**Q** 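Handing you this structure, nothing more for now.
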Number of protein chains: 2
Amino acid sequence: MARPQRRTVRDIRRGNRAVLLRALYFSGPTSRNDLTARTGLSAATVSTMTADLLGENIVVEAGQVESDGGRPRVLLRVNPEYGFAVGVDVAETHVRVGLFDLEMTERAKVDYMLRPARHDPELVARHILSGVEVVLSDAGVAPEQVLGIGVGVPGIVEPGADGVIHAKTFGWDGVPLGALLRRGTSLPLYVDNGAKTMGQAELWFGSGRGASEAVIVLLGVGVGATIVADGTTFRGVSSSAGEWGHTKIVANGRPCRCGGRGCLEAYVGIEAILDRAGVTSQGDWEEDLAGVLASESPVVEETVTYLGVGLANLVNLINPEKIVIGGWVGVRLGESLLPGIRRATAANSLAEPYAATSIVLGRLGPDAVALGAATLVLEEFLNAPQVARITAAG
Amino acid sequence: MARPQRRTVRDIRRGNRAVLLRALYFSGPTSRNDLTARTGLSAATVSTMTADLLGENIVVEAGQVESDGGRPRVLLRVNPEYGFAVGVDVAETHVRVGLFDLEMTERAKVDYMLRPARHDPELVARHILSGVEVVLSDAGVAPEQVLGIGVGVPGIVEPGADGVIHAKTFGWDGVPLGALLRRGTSLPLYVDNGAKTMGQAELWFGSGRGASEAVIVLLGVGVGATIVADGTTFRGVSSSAGEWGHTKIVANGRPCRCGGRGCLEAYVGIEAILDRAGVTSQGDWEEDLAGVLASESPVVEETVTYLGVGLANLVNLINPEKIVIGGWVGVRLGESLLPGIRRATAANSLAEPYAATSIVLGRLGPDAVALGAATLVLEEFLNAPQVARITAAG
DNA sequence: GTGCTTGTTTTCGCCTCTGAACTAAGATGA
DNA sequence: TCATCTTAGTTCAGAGGCGAAAACAAGCAC
């Protein structure tokens, strides 16, 4: 029942080109010979296609490897400077703009502080646009070299060209951030939920690397998840899939800031943890959390249990091969409590799917949101290199 | 990060052939002219391809439609008798074997009763194999005409050729039903969880028809779900995705027969409903449930609430465009309580994803499991018609 | 230098799609 | 009755794509 999609002989070339480029990107320097094995394409096709890519400067040579008794292999790699991607993290307290080359090395970045409760959409858009200018000039990159701008934001992002956002905690209800940005730039824009961009980053460059069915959970102020099915982020019909933090684990339980009751976030979100521990925060949540973890408080054990229930629900429903625990709260909890979290998950899930899952910690830091946002641009580039280039130039 | 998959020019033909056949199958009698519009293929391609399909007897003519002032269109349809599919429902109390033509019209069926607690795998396999012989001879269909056998079973089915099953309630732990069956037949076999085959049936021929992102839930003795992503059943890494009945909605809640606590099934499974209502069953659960529903018992309202929580978790996590409530308990509850179920779901889910979801009742009866199992064969046929035929013949 | 090995490119045949020209089959109206 | 119009379906030539195999390239060993 998959959407009918006619194919013509040209699509093959495009598809195989993407396959080749992906192989080249993820395997690092590789010879044409290796590429035939990796992609399954014939040597002939690899040869002509790499010739094209070299001619377009998308791929460059990267030395040789002598072989015992035969012609040496010429190594190829994706040209990291063929183009650049901007990644933006719009968070509660700041807007961060980073410029990345194709290898996702950060070339420049700039932060703008946001006053809490001052999340004027126009201001945020201005920060992003001026941030783009700043990082470009800092890194000496021309706008024509930029393949696109990825933006990670809190809340739900409607599908569609306007990038309309609903973020209750932000006071945004129907803010067309994409449209606001498009007034100031003609570069391709990709707006997505920040938990999803972080998930994207962990999937491509962090602990989720190589997984095809996975869930990357984000534990921080908010609680969310990125569900990965068949190697790509699952978005659901209106792009809001993955709102794990507001699934209920205690029917009619603790009230949540979303207005509901018994949400997972109302147990394992940072505010909930501190509240349940009876901590009145002085503003530094990280320190507060460290205090709770160092204490003998039963809240710690309870938190592990609740988290285990939440994770077990994912195990039973999604049956992933890997669960990555990310977000600063998640990583902090995991550092000392991962074995307990695994036990709690096992206790609440079915044996078969649990046995198929490995639960690991994320290994990217707080910059993962911006990196993941830039990865949206990279993904587009790898899927259809020439098209992305044209759009960017136009 | 999707699996690299090289394509050659031949794959195009295969893919387009599948596209064409699907269009023909789901649109009913259609002219070549309509097919060009529906598939996006050129008239030339449609012409040569339909000629092939007519030659192979996969497609047949189905009359004409006169047009005002031009050559009349010749209607085409899939030949319902090109091949047949066997669908098997292995349930707690019986094994049912049905023979379906390509239009999924049931041509013959046979039931075998199972004594409770007498679920010998060998016996079940023998029932299935002799059932296949019976329905074939009843319908006068030769084995060579059968494209495959689909089997829906309780529990988790491991991916792989042996069709290994883990079904706690059945007393099956690692039963290789597929391997047992293969000893008695050379036809292609498809073994899948019964909730998934039922979901498949509702998706293709029932209330889920046309939905691309959907969840079909099954409420009966057990509670499960079929998650549909991009038009196909999502299975997870080891084929056990969708174990919704054992997701927790009350941390540390009521004990469940799976050994866990607070599972959804321990609140809305039929045994749980009756237990919570204080009914001691005489054996006729349908009557018992009717009694509970007719009473003023608060258990009814509570059940609606718990079900709403479970459904809301799906809404938040999966963001489907449609939720179909199936299974005999689900349909019975839904008949009178659907508005309340919708309210309870709304109360426990986020506004945006809830607004994007419609919650409807399943419209296929208890035969949906066998029908869905046969649909597994149909799906294979539509995806690669010629390959399926060859396998069946071999 | 001559043979051997291995990597890369070129040549050639086959396959698929599409646009355009062409054929088929009925309606219409003088 | 028959020329003309309209719409459906088929045929053909051309372009683009892939793979097998032959050809070419570039080292090593003796």
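Model, not experiment: these values are computed from the prediction. Chain naming here is simple, since letters A, B, ... match the order of the sequence lines and numbering starts at 1 in each.
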**Q** List the residues meeting side chain to side chain contact (heavy atoms under 4.5 Å, CB included) with B/Ala373, not counting sequence neighbours, and say none if there are none.
**A**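 Per chain and number, B/Ala373 pairs via side chain to side chain contact (heavy atoms under 4.5 Å, CB included) with B/Thr197.
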**Q** Can you sort out the partners of A/Thr50 under side-chain hydrogen bond (donor to acceptor under 3.5 Å, both in side chains), two or more places apart, ordered by chain and number?
**A**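 Counting only residues at least two positions away or on another chain, A/Thr50 forms a side-chain hydrogen bond (donor to acceptor under 3.5 Å, both in side chains) with A/Arg32.
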**Q** How long is the line joining CE of B/Met49 and P of C/dT18, in whole Å?
**A**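 Going from CE in B/Met49 over to P in C/dT18 covers 9 Å.
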**Q** Do side-chain atoms of A/Thr375 reach the backbone of A/Leu371 as a donor and acceptor pair under 3.5 angstrom?
**A**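 Such a contact is found between A/Thr375 side chain and A/Leu371 backbone.
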**Q** With a 4.0 Å cut-off on N to O distance, would you call A/Asp162 and A/Arg182 a salt bridge?
**A**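 A salt bridge is absent here (no side-chain N lies under 4.0 Å from a carboxylate O).
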**Q** Identify whether any heavy atom of A/Val74 sits under 4.0 Å from a base atom; if not, whether one sits that close to sugar-phosphate; answer base, sugar-phosphate or nothing.
**A**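 If one applies the 4.0 Å heavy-atom cut-off, A/Val74 turns out to touch the sugar-phosphate alone, with no base involved.
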**Q** Looking at D/dG9, C/dT18, D/dG19, which one has an atom nearest to any side-chain atom of B/Arg32?
**A**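 It is D/dG9.
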**Q** Whole Å only: how far is the CG atom of B/Asn33 from the P atom of C/dG26?
**A**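 Atom-to-atom, B/Asn33 to C/dG26, this comes out as 16 Å.
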**Q** Rounded to whole Å, how long is the line connecting atom CG of B/Asp52 with atom P of C/dC17?
**A**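 Interatomic distance, CG of B/Asp52 to P of C/dC17: 10 Å.
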**Q** Could I get the full list of side chain to side chain contact (heavy atoms under 4.5 Å, CB included) partners for A/Ser31, not counting sequence neighbours?
**A**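 In terms of side chain to side chain contact (heavy atoms under 4.5 Å, CB included), with neighbours along the sequence ignored, A/Ser31 is linked to A/Asn33, A/Asp34, A/Arg73, A/Leu75.
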**Q** Below 3.5 Å between N/O atoms, which protein atoms pair up with nucleotides 26-30 of chain D? Just atom names and distances, please.
**A**
unit_1	atom_1	unit_2	atom_2	d
D/dG27	N2	A/Gly69	O	2.7

**Q** Could you state the CG-P distance from A/Leu75 to C/dG7, rounded to the nearest angstrom?
**A**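 Atom CG in A/Leu75 sits about 12 Å away from atom P in C/dG7.
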**Q** Tell me, please, which residues at least two apart from B/Arg107 pass side-chain hydrogen bond (donor to acceptor under 3.5 Å, both in side chains).
**A**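 B/Arg107: side-chain hydrogen bond (donor to acceptor under 3.5 Å, both in side chains) contacts with B/Glu81, B/Asp101.
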**Q** In whole angstroms, how far is the P atom of D/dG19 from the CG atom of A/Leu20?
**A**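 Nearest whole value for this atom pair: 12 Å.
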**Q** Taking five pairs at each end, how big is the angle between the two axes of the helix from C/dG1-D/dC30 to C/dA30-D/dT1, to 10°?
**A**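 The angle separating the two end axes equals 20°.
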**Q** Judged by atom type as modelled, is there a donor-acceptor pair below 3.5 Å linking the side chain of B/Glu213 to the main-chain atoms of B/Asp230?
**A**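 Here the side-chain-to-backbone pair exists.
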**Q** Can you list the residues that meet the side-chain hydrogen bond (donor to acceptor under 3.5 Å, both in side chains) rule with A/Glu103, with sequence neighbours excluded?
**A**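 A/Glu103: side-chain hydrogen bond (donor to acceptor under 3.5 Å, both in side chains) contacts with A/Arg77.
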**Q** Would you please name every residue forming a side chain to side chain contact (heavy atoms under 4.5 Å, CB included) with B/Val9, sequence neighbours left out?
**A**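 Residues passing side chain to side chain contact (heavy atoms under 4.5 Å, CB included) with B/Val9: A/Val9, A/Ile12.
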**Q** So, using side chain to side chain contact (heavy atoms under 4.5 Å, CB included) as the criterion, who are the partners of B/Thr48 when residues are at least two apart?
**A**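 Checked B/Thr48 against side chain to side chain contact (heavy atoms under 4.5 Å, CB included); matches are B/Arg13.
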**Q** What's the CG-C1' distance between B/Leu35 and D/dT7, to the nearest Å?
**A**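 Value for this atom pair: 16 Å.
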**Q** For A/Ser238, enumerate each residue passing the side-chain hydrogen bond (donor to acceptor under 3.5 Å, both in side chains) test, keeping only those at least two apart in sequence or located in another chain.
**A**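 A/Ser238 satisfies side-chain hydrogen bond (donor to acceptor under 3.5 Å, both in side chains) with B/Asn319 once adjacent residues are dropped.
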**Q** Using nucleotides 12-16 of chain C, report all nitrogen or oxygen pairs with the protein that are shorter than 3.5 Å.
**A**
none

**Q** Round to the nearest Å and state the distance from A/Arg73 atom CZ to D/dA25 atom C1'.
**A**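 Rounding to the nearest Å, CZ of A/Arg73 and C1' of D/dA25 are 16 Å apart.
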**Q** OP1, OP2 of C/dC17 versus side-chain N and O of A/Thr8: anything below 4.0 Å?
**A**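 Indeed not, no polar side-chain atom of A/Thr8 lies that close.
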